[in-house]
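So you know, we letter chains A, B, ... as the sequences are listed, proteins then strands, and number each from 1.
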Protein chains: 2
Amino acid sequence: MLSLKNAHLSSGDPMKTVIKEPEPEMGVSHVSDETLRAFVGYHMKRAFNVVQTDLARTLKPFDLRMLTYTALVLIVDNPGLRQSQLADAMDVERPNLVVIIDELERRELIVRDRVPTDRRAYALKATLAGRQLCEKAVAAVTAHEQRLLENMDATTRDTVIAAMQLIQKSLSKG
Amino acid sequence: MLSLKNAHLSSGDPMKTVIKEPEPEMGVSHVSDETLRAFVGYHMKRAFNVVQTDLARTLKPFDLRMLTYTALVLIVDNPGLRQSQLADAMDVERPNLVVIIDELERRELIVRDRVPTDRRAYALKATLAGRQLCEKAVAAVTAHEQRLLENMDATTRDTVIAAMQLIQKSLSKG
DNA sequence: TATTGTTATACTCTATAACTATA
DNA sequence: TATAGTTATAGAGTATAACAATA
């Protein structure tokens, strides 16, 4: 919430908190976001930002980012996947996937196997090290997700997931 | 949905659609995202990406981006706002806000007024042109939002907004 | 001709350290 | 000394055009 970011509302009982405000007669002491608050997209951006930040922190010990993590999981779960399929599945452009795959290959978490029947393509496969790192990372992300949802009931969670999928469907045809 | 991105599932009746699949015996014809699908964050990222893209397209005619739009709306709604308050409200770092304000000022949509009682600070105010552009942009974003929510009932919408706020609260203290 | 992977490139968003001028 | 705004910089995500090898 925007309003909560203001010092006098940020934590504890506001009535008990005495904080110098920057000349309330001069500027604004309370930032109104009335217009923006009406939009779901606004709340999605703010929520996604904190999720992104927390996930990055979660994956840091494994030297993974959201994108390298997602790619690794999908390759582990789909041995033989091709780069174009992976790019499609991840909703990233083919050129942007190349550096992600480069990094995973350099760290020997996956291999690029040539496809004999189509020498243009690569079949992506996780190595043992890749599968092991993936397993640990998934466990960490599961813990991150539990933090994320600690005060949310299962019904709400399912509603949110369904809503996110609906939004994707509504806009991807526009 | 990931699965929907595969050609044989992408549109229409799958049974009626005959499409060449890339050697189903060799690679994978259906990308399974079982592991990732379990995470709310995964769905949020995908949904937010399409929202972001559609919003960018929506704001393009006004030469605004999500951040310049948000800043403009907040300044219009909070005349006299200072940059540090705005940065706080927008959840962006102070240095990153500078270029946003620079751009809005260069386009004469806002002005930086010196605060007489604190010569370090600026009071941000929208110009007439700024307020007029803002009004049009808000209308366009409202239409974008309606596209976003065209198949979502109001209850679900409210649930999603509450959930986004809850997620922010859960993680921002970590 | 079309597709797979690639290179190069550009724009945006995010994050940090360090500076200046005020307080 | 602390704060408001600034500069510089770096990392990451996203998007497009154009190329070589192959189909």
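Between the C1' atom of dC13(C) and the CZ atom of R65(A) lies a distance of 15 Å, rounded to the nearest Å. If you measure from atom CD of Q83(A) to atom P of dA21(D), you get 17 Å, rounded to the nearest angstrom. Atom CD1 of I110(B) and atom P of dG5(D) are 12 Å apart (whole Å). If you measure from atom CD of E105(B) to atom P of dT6(D), you get 8 Å, rounded to the nearest angstrom. Between R57(B) atom CZ and dT16(D) atom P there is a gap of 10 Å when expressed in whole angstrom units. One atom, NZ of K45(B), and another, P of dT14(C), lie 12 Å apart when rounded to the nearest Å. Across the protein-nucleic acid pair, Q85(B) atom CD and dA4(D) atom C1' stand 11 Å apart, rounded to whole Å. In this entry the distance linking CG of L81(A) with C1' of dT4(C) reads 13 Å, nearest Å.
Heavy atoms of I101(B) sit nowhere under 4.0 angstrom from any nucleic acid atom. Among the heavy atoms of the strands, none lies under 4.0 Å from L97(A).
One N or O on the side chain of E145(B) and one on the backbone of V40(A) form a donor-acceptor pair closer than 3.5 Å. In this structure, S170(B) contributes its side chain and E150(A) its backbone to no donor-acceptor pair below 3.5 Å.
Rounding to the nearest 0.5 Å places CD of E105(A) at 4.5 Å from CZ of R112(A). Expressed to the nearest 0.5 Å, how far CG of L109(A) lies from OG1 of T68(A) amounts to 9.0 Å.
For residues 127-137 of chain B, no residue pair satisfies the salt bridge (Lys or Arg N to Asp or Glu O under 4.0 Å) rule, not counting sequence neighbours.
Using modelled atom types and a 3.5 Å distance limit, the side chains of Y122(A) and R82(A) yield no donor-acceptor pair.
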With sugar-phosphate taken as primed atoms, P, OP1 and OP2 and all else as base, the protein-contact string of nucleotides 15-23 of chain C at under 4.0 Å (heavy atoms; B, S, -) is BBB---BBS
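Applying the side chain to side chain contact (heavy atoms under 4.5 Å, CB included) test between L86(A) and each of I100(A), N78(A), V92(A), L74(A) identifies L74(A) as the sole match.
Distances shown here put a side-chain N or O of S84(B) below 4.0 Å from the OP1 or OP2 atom of dG5(D).
V111(B) and L104(B) sit in two unconnected hydrophobic clusters of ILVMFWY residues. Membership requires side-chain heavy atoms under 4.5 Å apart, directly or through other members.
Each of Q52(B) and A123(A) lies near DNA chain C, and the nucleotide nearest A123(A) is the one positioned closer to the 5' end. For V99(B) and A121(A), each mapped to the nucleotide of DNA chain C holding its nearest heavy atom, the one lying further toward the 5' end belongs to A121(A).
Within a 6.0 Å sphere centred on CZ of R94(A), heavy atoms belonging to other residues, nucleotides or ligands number more than 12.
Comparing the helix axis at one end of the helix from dT1(C)-dA23(D) to dA23(C)-dT1(D) with that at the other, each defined from 5 consecutive pairs, gives an inter-axis angle of 10° (nearest 10°).
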